[in-house]
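In what follows, chains are A, B, ... by sequence order, proteins preceding strands, each numbered from 1.
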There are 2 protein chains.
Amino acid sequence: MKNAEMLLREHQIKVTPQRLSIVGELDGHVHMSVEELYEAIKKKFPSISLATVYKNINAMMEKNFILEVKIPNKKSKYELAKASHSHVLCQECGKVEDISLDLHDLTAKAANMTDYKIKEDALILSGVCPACRAS
Amino acid sequence: MKNAEMLLREHQIKVTPQRLSIVGELDGHVHMSVEELYEAIKKKFPSISLATVYKNINAMMEKNFILEVKIPNKKSKYELAKASHSHVLCQECGKVEDISLDLHDLTAKAANMTDYKIKEDALILSGVCPACRAS
DNA sequence: TTAAATGCAAAAAATTTGCAGACGT
DNA sequence: ACGTCTGCAAATTTTTTGCATTTAA
C-alpha cells in the first residue's frame, strides 16, 4: 500500500488517528466487517467508538475510497479500493480472497443480450479453499 | 412457475395462505426486498405480520427454496430458486433482471488459479438499462 | 480560527424471539 | 390430535443521528 496518510489526503478526507487505524487494519487484513474493524481498532485505540467506525466507513465509501463486499450468507466486509477484481469465498472458514479475472468478454456478451450499458461487475465465487479441503 | 402449493409441499414446508402469497409475489415480481414483499402482501392479506414474512423468508432460504440476492448499494432482494443465473442491476431505476451467462470457463480458471473447489457463483453486473439510457 | 471529526448517548431501522391461539395435515 | 404456523409485542441487533467537545489544517 502507499502511505495511509497520503491516501486519505488524496481522497480529501481529513487525516485522523482513527482513520489511519481503519486504513491500516484494512490494509493488513484486506477484508473486514464493521465489527471486526471495531474490535481490531479498539485494541490499539480503546477510545474509538463504533459510531466513528460507521461514520468513517460511510465517508470513505462515498469517496470511493473503500468498497463494500456483499458476501452470500455472511456479513458485508470492506476493502480498500484497488483495481477492479473478483472475490473467492471459502464456505468453510469464511476467508475471502481477491482474484483477478478478465470479465471483458462476459460483460460484453451481457451488454449485447440485455442492451444495458454495463459499468461495474461484482463476482463472488464460493467454494472450499485448499486448507479446508485438506482437513 | 409450477404450482405454488406443489412447490411448498416439495420443499416440505406447510402450505399456508401467507406462504402462498409470498411465493405468488415472488413469482410475479421476480425480485423483491423484505419490505416490498411485506407491503405487497399486506394489500391482499392485511393481517400478515412482518415477523411472519421474515420467518418465512428464513425458512424458505434454509430449504434452498428462495435465494437472497445481495445487491451493491441496495437492500437485498429475494427470488425463487431456479437454474443458476446472474443478475443485471440498473443503477438508475434499481431494476434487477436475470441473465443466463456461462461462467464455466471463468470458474475453471479461478479454480486453477486459487486451488479452490468452486461450488457457487454470484455475479451482478451494474449499469444503465435501455429505458433509463433513453431518458 | 474554523470547519470537520470524535465519542457518547439516544434514536431509528432491521431482524429475531417467545408465546398463546389458530391452522394444516 | 399434533406439531407447526401466525400475529403480536417485546427484545436484539445493526446502523444512524444530535450534540458538546476536541482536533486537523
Side-chain angles (χ1 to χ4, degrees), chain A residues 3-26 32-63 65-78, chain B residues 3-25 31-63 65-78:
Chain A
N3 183 291
E5 194 175 320
M6 277 306 290
L7 268 186
L8 288 169
R9 286 194 205 289
E10 280 172 17
H11 290 271
Q12 29 218 341
I13 297 187
K14 267 190 191 168
V15 178
T16 67
Q18 291 86 341
R19 286 175 176 166
L20 289 173
S21 307
I22 291 175
V23 174
E25 288 297 334
L26 286 180
M32 300 178 83
S33 67
V34 172
E35 206 57 31
E36 285 166 350
L37 256 175
Y38 177 55
E39 292 303 332
I41 295 174
K42 250 200 320 193
K43 284 179 189 155
K44 306 210 166 185
F45 204 131
S47 74
I48 198 171
S49 92
L50 184 52
T52 298
V53 174
Y54 273 107
K55 283 171 185 167
N56 281 322
I57 285 178
N58 287 336
M60 293 178 186
M61 283 208 289
E62 267 162 31
K63 303 279 186 184
F65 174 29
I66 67 175
L67 300 176
E68 181 177 5
V69 186
K70 293 196 166 191
I71 302 168
N73 309 313
K74 296 219 145 51
K75 289 191 191 162
S76 288
K77 302 206 171 197
Y78 299 84
Chain B
N3 184 292
E5 194 174 323
M6 279 305 291
L7 268 186
L8 289 168
R9 285 194 205 290
E10 281 172 15
H11 290 271
Q12 28 219 342
I13 297 188
K14 267 190 191 166
V15 177
T16 67
Q18 291 87 341
R19 285 173 177 167
L20 289 173
S21 307
I22 291 174
V23 174
E25 288 296 335
H31 304 105
M32 299 177 83
S33 67
V34 172
E35 206 57 31
E36 286 167 349
L37 257 174
Y38 176 56
E39 292 302 331
I41 295 174
K42 249 199 322 192
K43 285 180 187 155
K44 306 209 166 184
F45 204 131
S47 73
I48 198 170
S49 91
L50 185 53
T52 298
V53 175
Y54 274 108
K55 281 171 185 167
N56 282 323
I57 285 178
N58 288 335
M60 293 178 186
M61 284 208 289
E62 267 161 31
K63 303 279 185 185
F65 173 29
I66 67 174
L67 300 176
E68 181 178 5
V69 185
K70 292 196 167 190
I71 302 169
N73 309 313
K74 295 221 145 48
K75 289 193 191 160
S76 288
K77 302 207 170 196
Y78 299 84

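To the nearest 0.5 Å, atoms OH (Tyr78(A)) and OG (Ser33(A)) are separated by 8.5 Å. Note that CE of Met32(B) is 9.5 Å distant from CD1 of Ile57(B), once rounded to the nearest 0.5 Å. In this structure, CG in Asn56(B) is found 4.5 Å from CD1 in Ile22(B), a value given to the nearest 0.5 Å.
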task: Please lay out, stage by stage, how Glu25(A) and Ile41(A) fare under the test side-chain contact (heavy atoms from CB on, under 4.5 Å).
output: CA-CA 7 Å; Glu25(A) 288 297 334; Ile41(A) 295 174; 3.8 Å; yes

What pairs of donor and acceptor atoms, side-chain ones from residues 43-51 of chain A against any protein atom, are under 3.5 angstrom apart with sequence neighbours left out?
residue, atom, partner, partner atom, Å
Ser49(A), OG, Ala51(A), N, 3.3
Ser49(A), OG, Thr52(A), N, 3.2
Ser49(A), OG, Thr52(A), OG1, 3.3

Can you give each donor-acceptor pair under 3.5 Å made by side-chain atoms of residues 66-73 of chain A, sequence neighbours left out, with the distance rounded to 0.1 Å?
residue, atom, partner, partner atom, Å
Glu68(A), OE2, Ser76(A), OG, 2.7
Lys70(A), NZ, Ile71(B), O, 3.0
Lys70(A), NZ, Lys74(B), O, 2.5

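One can find a donor-acceptor pair under 3.5 Å joining the base of dG18(D) and the side-chain atoms of Lys55(A).
Glu5(B) meets the side chain to side chain contact (heavy atoms under 4.5 Å, CB included) test with Asn3(B), Arg9(B), Val15(B), Leu20(B); sequence neighbours excluded. By the side chain to side chain contact (heavy atoms under 4.5 Å, CB included) test, Glu39(B) pairs with Glu35(B), Lys42(B), sequence neighbours left out. Partners of Phe65(B) by ring pair (Phe, Tyr, Trp, His ring centres under 6.0 Å), not counting sequence neighbours, listed by chain and number: His11(B). Take Glu36(B) and apply the salt bridge (charged side-chain N to carboxylate O under 4.0 Å, His left out) test, not counting sequence neighbours, and it matches Lys77(B).
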Between the protein and nucleotides 23-25 of chain C, list the N/O to N/O atom pairs that are separated by less than 3.5 angstrom.
residue, atom, partner, partner atom, Å
dG24(C), O3', Val15(B), O, 3.3
dT25(C), OP1, Arg9(B), NH1, 2.9
dT25(C), OP1, Val15(B), N, 3.3

All N/O pairs under 3.5 Å across the protein-nucleotides 20-22 of chain C interface:
none

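For the segment residues 44-51 of chain B, residues with any heavy atom less than 4.0 angstrom from an atom of DNA chain C are, sorted by number, Leu50(B), Ala51(B).
Separating the OH atom of Tyr54(A) from the P atom of dT6(C) is a distance of 16 Å, rounded to the nearest angstrom. In this structure, Ile57(B) places its CD1 atom 15 Å from P of dC5(D), rounding to the nearest Å. Atom C1' of nucleotide dT14(D) and atom NZ of Lys77(A) are separated by 17 Å, given to the nearest angstrom. Going from atom NZ of Lys42(B) over to atom P of dT6(D) covers 17 Å, rounded to whole Å. Atoms CG (Asn58(B)) and P (dA14(C)) sit 16 Å apart, rounded to a whole Å. Rounded to a whole Å, the NZ atom of Lys75(A) is 16 Å from the P atom of dA14(C). Distance Lys74(A) NZ to dT14(D) C1': 19 Å, rounded to the nearest Å. With rounding to whole Å, Tyr38(B) atom OH is found 14 Å from dA13(C) atom C1'.
Side-chain contact between Val23(B) and Met60(B): present, with at least one pair of heavy atoms (C-beta onward) separated by less than 4.5 Å. Looking at Arg19(B) and Ile13(B), their side chains come closer than 4.5 Å, going by heavy atoms from C-beta outward.
Nucleotides of DNA chain D nearest to Glu35(A) and Thr52(B) differ in position, and the one nearer the 5' end is that of Thr52(B).
The phosphate of dG7(D) (OP1 or OP2) has a side-chain N or O of Gln18(B) nearer than 4.0 angstrom.
Computed from C1' positions of five pairs at each end, the angle between the two local axes of the helix from dT1(C)-dA25(D) to dT25(C)-dA1(D) equals 50°, rounded to 10 degrees.
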